[in-house]
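In the text below, chain A, chain B and the rest are named by the order of the sequence lines, each starting its count at 1.
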Amino acid sequence: DGGITQSPKYLFRKEGQNVTLSCEQNLNHDAMYWYRQDPGQGLRLIYYSQIVNDFQKGDIAEGYSVSREKKESFPLTVTSAQKNPTAFYLCASRRDQGNTIYFGEGSWLTVV
Amino acid sequence: AQSVTQLDSHVSVSEGTPVLLRCNYSSSYSPSLFWYVQHPNKGLQLLLKYTSAATLVKGINGFEAEFKKSETSFHLTKPSAHMSDAAEYFCVVSPTGRRALTFGSGTRLQVQP
């Protein structure tokens, strides 16, 4: 079945560590997105990519980095520069503008 | 610029009674509008979407929404709430151009037995 796979589901990070969240889609979608969701709040855009080898900062890109070397993959690295990384991270994709955006099941990141 | 305002952060209804979740938007151009539902610790699932066709949009699980341009609203309704409807609901606007979606802050729906 087609869809978006995020891994890991739960991840713990120590202070000063970089961690990478994986996002893979087999929907043949061009655009991919990373959102952050804090408890009881809406979604905020971190980064997005419209095509391979191109990506743009969203509203809260500081402390995060991404790459888009393949159409189906859009990994997110949470760097040590992100001072408050504990949150629920959602990856999404869609074919083009105006179309439905599809979400993965999310990844919980906790700083310990 | 575009924005979305969900007018209620929490809504509580009794099982079997109607549901109304309110959403107002602003957009420079005719937008695409969506409602998504999120159950705890899960991703978001599309309920319905408006893309300039019929103004009354029917979605999954008995939900529907009406696009009212004059009121810049896109309220979500359901005639009879079910316990399984308890979740967080997000109103979303998709602007023209290359930007990503703009999400409302969400409305938590509680369904009382």
As a quick check of understanding, evaluate side-chain contact (heavy atoms from CB on, under 4.5 Å) for Thr77(A) and Val19(A), giving each step before the final call.
CA-CA 6 Å; Thr77(A) 297; Val19(A) 294; over 6 Å; no
Residue pair Asp85(B), Lys78(B): steps toward the salt bridge (Lys or Arg N to Asp or Glu O under 4.0 Å) verdict:
CA-CA 10 Å; Asp85(B) 294 328; Lys78(B) 183 174 181 178; 2.8 Å; yes
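Using a 4.5 Å cut-off between heavy atoms, Leu90(A) contacts chain B through its side chain alone, with no backbone atom that close. Only the side chain of Gln37(A) comes within contact range of chain B, judged by heavy atoms closer than 4.5 Å. With a 4.5 angstrom heavy-atom cutoff, Gln38(B) touches chain A only via side-chain atoms. Contact of Leu46(B) with chain A is made through the side chain alone, with heavy-atom distances under 4.5 Å.
The pair Asp30(A)-Arg94(A) fails the salt-bridge criterion, with no side-chain N (NZ, NE, NH1 or NH2) lying under 4.0 Å from an Asp/Glu carboxylate O.
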Do any side-chain atoms of residues 61-76 of chain B form donor-acceptor pairs under 3.5 angstrom with protein atoms, and if so which ones, sequence neighbours left out?
residue	atom	partner	partner atom	Å
Glu64(B)	OE1	Lys58(B)	NZ	2.7
His75(B)	ND1	Cys23(B)	N	2.9
His75(B)	ND1	Cys23(B)	O	3.4

